[in-house]
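Side-chain atoms are counted along with the backbone in the values below, which use heavy atoms only and exclude waters and symmetry mates. Sequence positions, counted from 1, serve as the residue numbers for this chain.
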Amino acid sequence: KTRMTGRIFRGRVLQYVMVMVPAVVIITLILQKYSSPFPDLSQGSDASSQSSKTLPKQSAGSCITTRDCPEDHFSFFIQSGAANVVAPKICIQNKLVLGTVLNNAGYGINIVILNGKTGEVTKTGHFDMYSGDVKPLIELLQGIEEGSAVLMASYDEPSSKLTEDAKKLISELGSSAVQSLGFRDNWVFVGGKGATVRSNFEKV
């Protein structure tokens, strides 16, 4: 199949999410095995809405952090692709971990998996959902360890090859939008293995 060119670009703007989130809070919010509750779990939503903003233009290899994080926190920056023209980018602790500069971003769904306690990157990957095979994506999703945080960003077309099995696995990470993800939608999502609530960090 011939991939659609940038001329079909819908004109959607890039989706940007820049959030400072305590690693312990993320795990407490999304993983059932941590039993110590925090006083106000709605703060995760507030942090997302207050920190999300249109950011200055930056190069493909740069990351932006608007403030320093405390020792027990880690920051992330996630940006979806735009049509098949601009690739997605994911940064952890102001360090690029997925993008064109690292040659590890690609068409479809881009994924970064982190150790949910330390913020250490354990795996990255991209899966072509237009002309590729969904099986490698399913295998990766099935192999995610309990306690992991998962960041996803679309590039060009993220939905055509998504099966119900793949959608179910992503939903179990906390996604509410994946079930209705449409053709060439721009999508970013942050969730975790063992999620018991829907993620506040998702945008289509």
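Annotation for Gln179: atom CD counts as buried by contact number, over 12 foreign heavy atoms lying within 6.0 Å.
When each of Ile113, Asn104, Asn110 is tested with Thr124 by the rule side-chain contact (heavy atoms from CB on, under 4.5 Å), just one qualifies, namely Asn104. Ile90 pairs with exactly one of Val112, Val121, Leu96 by the side-chain contact (heavy atoms from CB on, under 4.5 Å) rule, that one being Val112.
The shortest side-chain heavy-atom distance between Leu169 and Leu137 does not fall under the 4.5 Å cut-off. The closest side-chain heavy-atom distance from Met152 to Ile170 is below 4.5 Å. The shortest side-chain heavy-atom distance between Ser75 and Gln93 falls under the 4.5 Å cut-off.
Contact between Leu98 and Leu102 at its shortest, heavy atoms only, is N-CD1, 3.9 Å. Closest approach of Gly106 to Tyr155, counting heavy atoms only: O-CD2, 3.3 Å. Closest of all the heavy-atom pairs between Ile138 and Ala166 is CG1-CB, 4.0 Å. Taking both residues in full, the closest heavy atoms of Lys161 and Gly132 are given as NZ-O, 2.7 Å, listed atom of the first, atom of the second, then distance. Residues Asp185 and Pro158 come closest through the heavy atom pair O-CG, 3.6 Å. When all heavy atoms of Asn186 and Ala82 are compared, the pair lying nearest together is OD1-CA, 4.4 Å.
Classification of the Phe183-Tyr130 ring pair by plane angle, with boundaries at 30° and 60°, yields tilted.
Lys168 pairs by the salt bridge (charged side-chain N to carboxylate O under 4.0 Å, His left out) definition with Glu172, not counting sequence neighbours. Partners of Ser160 according to the side chain to side chain donor-acceptor pair (under 3.5 Å) rule, which considers only residues two or more places apart in sequence or in another chain, are Glu157.
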Trace of the side chain to side chain contact (heavy atoms under 4.5 Å, CB included) decision for Phe189 with Val178
CA-CA 9 Å; Phe189 163 67; Val178 68; over 6 Å; no

Evaluate the criterion side chain to side chain contact (heavy atoms under 4.5 Å, CB included) for residue pair Met129 and Tyr107; output intermediate values, then yes/no.
CA-CA 8 Å; Met129 294 291 100; Tyr107 293 118; over 6 Å; no

Derivation and outcome, side chain to side chain contact (heavy atoms under 4.5 Å, CB included), residues Ser154 and Arg184
CA-CA 8 Å; Ser154 66; Arg184 304 196 89 190; over 6 Å; no

Quick one: do Val97 and Leu151 satisfy side chain to side chain contact (heavy atoms under 4.5 Å, CB included)? Show the steps, please.
CA-CA 11 Å; Val97 296; Leu151 298 85; over 6 Å; no

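Between the Lys167 side chain and the Leu162 main chain, no donor and acceptor come within less than 3.5 Å of each other. A donor-acceptor pair under 3.5 Å links the side-chain atoms of Ser159 to the main chain of Gly182, judged by distance alone. With Ser199 contributing its side chain and Val190 its backbone, the two residues share a donor-acceptor pair below 3.5 Å.
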